[in-house]
Amino acid sequence: MSFCLLACTAGLVPKASAQELDCRLSVVATKITSGDKTVFDVLSKALNQFVNGRKWSKIPFQSQERIPCAMTIDIQEYNQGTGQIKAYISVQSRRPCFKSTYSSTMLNIVDKDFSFRYMKNDPLEYNDNSIGTNLTATIAFYAYIIIGNYMDSGYPRGGEVFFERAQNIVMQAQSLNEQGWRAGEKNDRNRYWIAENYNNGNYQAIHEVIYRYFRLGMDMMYDDPEQARGNILQAISQVNALKRMRSNLPCVQLFMESRADELVNIFQPAPQEERQKAVDLLVEADASNVAQYRKILSGANTR
């Protein structure tokens, strides 16, 4: 069965052509107290058109099935004379679950290694073989990471081509002399390492984790919650295997972040033995949320 047919049955991939992303992109400039701040309104409109008006692949999407996501560019410093900007960019994406009104978090990234030059009404130029500026390269990189994760969640290794495109941006960005693109930087979760993890064959289990958790787990919760929980536990076991292979993998961190509340709600209704197994696995996978995971043992569903 093709990815398109399989994913259509889960409401993931549409039948007619539209752009892939439904992205709310905001430019926040509250820290900038002087100069012409209308440049940020112009930038926001231009970036929204750049992200949402572009076809990032040949996969057909219907407008109501575009990937819900958000990017926020929080301006930290601005030189009006040169147009040089230092900012933080946060990236979030969610995934609707089959036969449910619930959407599950896929990504929640904060990238503080982001600077670029922009003068009002500068064109935003980008193609995969000529990345242009650090601004468009970074936005395109995260667009591909969002789509890659989404496609992985619908079919085994469905996002492979998009992770490869993200890594291609990383390779071309070595010439930009900008932070966030190199292996030797202090930030060991920068764009270089994110792309490296998703494309490294040693960590290919992360793609199985994403597929098993979402397609065989979250999408099955309505029809067969017991089987769905079992598949989710298998996904968490794979996460732990990756962590034992190498601690602090960015791909594992990105998968587990912002997921604790969801996992507590999934496993609190389970039988006692399954609740204990879930807690044991989750504490190993995400030790920063031990207290949260122990709520599973109470057995009370908080939804």
Side-chain angles (χ1 to χ4, degrees), residues 2-27 41-73 89-98 101 103-109 111 114 116 118 121-155 157-170 172 191 194-195 198 210 214-215 219 254:
S2 71
F3 167 69
C4 213
L5 180 58
L6 172 63
C8 282
T9 65
L12 289 176
V13 173
K15 310 174 188 67
S17 183
Q19 288 76 16
E20 297 86 352
L21 299 179
D22 180 14
C23 183
R24 294 180 292 104
L25 195 151
S26 304
V27 178
D41 296 327
V42 175
L43 176 60
S44 178
K45 291 177 182 177
L47 284 173
N48 271 283
Q49 177 59 35
F50 176 76
V51 173
N52 293 308
R54 180 184 178 89
K55 278 290 293 177
W56 297 95
S57 75
K58 295 180 180 180
I59 298 174
F61 273 68
Q62 290 182 350
S63 59
Q64 71 271 22
E65 295 174 326
R66 296 165 73 182
I67 303 168
C69 57
M71 298 187 193
T72 301
I73 299 174
I89 181 170
S90 59
V91 179
Q92 298 87 31
S93 67
R94 299 187 66 83
R95 180 192 185 279
C97 298
F98 190 42
T101 58
S103 290
S104 178
T105 297
M106 292 212 76
L107 292 171
N108 187 15
I109 303 169
D111 181 346
F114 186 37
F116 57 93
Y118 180 79
N121 297 316
D122 276 354
L124 301 183
E125 298 177 348
Y126 172 85
N127 67 64
D128 286 336
N129 297 314
S130 177
I131 60 174
T133 68
N134 197 49
L135 172 60
T136 54
T138 301
I139 298 297
F141 173 86
Y142 284 119
Y144 284 135
I145 294 297
I146 289 169
I147 299 170
N149 271 269
Y150 188 82
M151 292 302 179
D152 260 5
S153 76
Y155 188 71
R157 298 191 67 85
E160 184 172 21
V161 65
F162 301 101
F163 295 126
E164 289 174 352
R165 290 179 186 177
Q167 190 166 52
N168 180 56
I169 294 174
V170 171
Q172 293 188 69
R191 280 161 251 138
I194 291 173
Y198 284 125
I210 295 168
F214 288 102
R215 185 70 187 95
D219 280 350
L254 293 179

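Heavy-atom basis, side chains included; hydrogens, waters and symmetry copies ignored.
Residues Ile146 and Met71 meet the side-chain proximity criterion, which asks for heavy atoms closer than 4.5 Å. Side chains of Ile131 and Thr136 form no contact here, defined as non-hydrogen atoms less than 4.5 Å apart. Side chains of Ser130 and Glu125 form no contact here, defined as non-hydrogen atoms less than 4.5 Å apart. For the pair Ile210/Met106, a side-chain contact is recorded, criterion being any heavy-atom separation below 4.5 Å from C-beta on. Using a 4.5 Å heavy-atom threshold, the side chains of Tyr126 and Ile169 count as touching. Side-chain contact between Met151 and Ile59 is present, with heavy atoms from C-beta onward closer than 4.5 Å. Annotation: side chain of Leu254 is not in contact with side chain of Asn149 (no heavy-atom distance under 4.5 Å). Looking only at side-chain heavy atoms (C-beta outward), Val91 and Asn108 stay at 4.5 Å or farther from each other.
For the residue pair Asn52 and Gln19, the shortest heavy atom distance occurs at O-CG, 3.1 Å. Closest heavy-atom contact between Trp56 and Phe162: O-CE2, 4.0 Å. Considering every non-hydrogen atom in both Ala18 and Ser63, the closest pair reads CB-N, 3.8 Å. Contact between Ala195 and Gln167 at its shortest, heavy atoms only, is CB-CA, 3.9 Å. Scanning all heavy atoms of the two residues, the minimum distance from Gln172 to Asp128 falls at NE2-O, 2.6 Å. Shown here for Tyr142 and Arg191, the closest heavy-atom pair between the two residues is OH-CG, 3.5 Å.
Side-chain contact check for Arg95 and Ser153: at least one donor-acceptor pair (N or O, by modelled atom type) lies under 3.5 Å. Between Tyr118 and Asn134, the side chains place no donor N or O within less than 3.5 Å of an acceptor N or O (distance only, hydrogens not considered). Using modelled atom types, one finds no donor on one side chain facing an acceptor on the other under 3.5 Å when comparing Tyr144 with Asn168. Between the side chains of Gln92 and Thr105, no donor-acceptor pair of N or O atoms lies under 3.5 Å.
Between the side chain of Asn48 and the main chain of Leu25, a donor-acceptor pair closer than 3.5 Å is present. Side chain of Thr72 to main chain of Ser90: no donor-acceptor pair is present (N/O by atom type, distance under 3.5 Å, no hydrogens or angles).
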Given side-chain contact (heavy atoms from CB on, under 4.5 Å), test Asp22 with Ile67 step by step and report yes or no. CA-CA 5 Å; Asp22 180 14; Ile67 303 168; over 6 Å; no

After noting the C-alpha distance and the side-chain angles of Arg94 and Cys69, does the key distance pass the side-chain contact (heavy atoms from CB on, under 4.5 Å) rule? CA-CA 6 Å; Arg94 299 187 66 83; Cys69 57; over 6 Å; no

Go through it in stages, so that I can follow the logic: the residues are Leu21 and Phe61, the test is side-chain contact (heavy atoms from CB on, under 4.5 Å), and I'd like the CA-CA distance, side-chain angles, deciding distance and then a yes or no. CA-CA 9 Å; Leu21 299 179; Phe61 273 68; over 6 Å; no

Could you walk me through whether Phe163 and Ile147 satisfy the side-chain contact (heavy atoms from CB on, under 4.5 Å) test, starting with their C-alpha distance in whole Å, then the side-chain angles of each, then the deciding distance to 0.1 Å, before giving a yes or no? CA-CA 9 Å; Phe163 295 126; Ile147 299 170; over 6 Å; no

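To the nearest 0.5 Å, atom OG of residue Ser93 and atom OH of residue Tyr150 are 10.0 Å apart. A distance of 7.0 Å separates CZ of Arg215 from CZ of Phe98, quoted to the nearest 0.5 Å. Atom CG of residue Leu135 and atom CG of residue Leu47 lie 5.0 Å apart, to the nearest 0.5 angstrom. We find the CD1-CD1 distance between Ile89 and Ile109 to be 9.0 Å, quoted to the nearest 0.5 Å. Here Thr133 contributes atom OG1 and Asp122 contributes atom CG; the two are 8.5 Å apart, rounded to the nearest 0.5 Å.
In summary, Arg157 and Asp152 do not engage in a salt bridge, as defined by a charged side-chain N under 4.0 Å from a carboxylate O. A salt bridge is defined here as a Lys NZ or Arg NE, NH1 or NH2 lying under 4.0 Å from an Asp or Glu carboxylate O, and Arg66 with Glu20 fails to meet this definition.
Close placement of the Phe114 and Phe116 rings is indicated, their centers lying within 6.0 Å of each other.
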